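Everything below concerns the one structure shown next.
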Amino acid sequence: MKSEPGECSIDDALAAPERTIPWTGVRNYQARNFMRDAMRPGDSVLFYHSSCAQPGIAGLAEVASAPYPDPTQFERASDYYDAKARRDAPRWYLVDVRACRKTRLIDIAELRACRPLARMQILRRGNRLSITPVAKSEWDYITRRLMEHAD
DNA sequence: GCCAACGTTGGC
DNA sequence: GCCAACGTTGGC
């Protein structure tokens with residue numbers, strides 16, 4: 001899951017109550033569908049810093065709630081307000097995410113240099129989706145790498 | 001349903 | 001700031 005550290009970094013997430021933050025603001029249907037239809041409490045998450053000086057994996061987290069309507073879609077003052085969303089027909093759903101720990105930063109260049117991650121969705125040319133599935137083999141490789149090259 | 005125009009993302 | 005890539009919008 002991508003987050004702009006200027007908005008919410010892994011440190012911000014760790015400092016939040018219960019180390020948990022609602023993943024507000026997703027306004028892309030594919031990304032929404034992952035949260036609404038595919039993610040379940042307890043699922044593991046790679047916390048990725050994007051649109052910043054050093055993009056890359058910055059921490060580990062987990063899904064901490066079932067999906068529910070993103071409250072910001074109804075807030076007129078919010079950047080994420082959606083005039084077409086209705087209380088009885090929400091358009092946007094989110095999950096809560098609990099930060100587990102900060103890791104050393106595995107930057108995008110390092111990720112790209114890892115053969116076993118060659119097919120990782122986040123590394124695909126032109127990828128813009130803020131939420132993408134991670135294969136078990138990719139998760140295992142990354143967490144093993146974090147143990148072997150300690151932070 | 002097509003598709004051009006436009007807006008956004010995000011690495012560099 | 002640039003620009004490729006992609007999603008969305010809206011006229012037809």
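Quick caveat, the model's predicted, so the values are computed rather than measured. So you know, we letter chains A, B, ... as the sequences are listed, proteins then strands, and number each from 1.
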### Query
Do any pairs count as a salt bridge (Lys or Arg N to Asp or Glu O under 4.0 Å) and have a residue in residues 112-121 of chain A, sequence neighbours left out, and if so which ones?
none
### Task
Mind checking side chain to side chain contact (heavy atoms under 4.5 Å, CB included) for R98(A) and listing every partner two or more places apart, or none if nothing turns up?
R19(A), T20(A), E62(A), A64(A)
#### Entry: Hydrophobic cluster (4.5 angstrom, side-chain heavy atoms) - remaining members for M147(A)
none
### Task
Report the residues that fulfil side chain to side chain donor-acceptor pair (under 3.5 Å) with W92(A), sequence neighbours left out, ordered by chain and then residue number.
D82(A)
### Summary
With a 4.0 Å cut-off (strictly under) to non-hydrogen atoms of chain A, the first and last hit nts on DNA chain B, 5' to 3', are dG7(B) to dC12(B)
Side chains of residues 9-18 of chain A: which donor-acceptor partners sit under 3.5 Å, not counting sequence neighbours?
| from | atom 1 | to | atom 2 | distance (Å) |
| --- | --- | --- | --- | --- |
| S9(A) | OG | D11(A) | N | 3.3 |
| S9(A) | OG | D12(A) | N | 3.1 |
| S9(A) | OG | D12(A) | OD2 | 3.2 |
| D11(A) | OD1 | K102(A) | NZ | 3.3 |
| D11(A) | OD2 | K102(A) | NZ | 3.0 |
| D12(A) | OD2 | S9(A) | N | 2.9 |

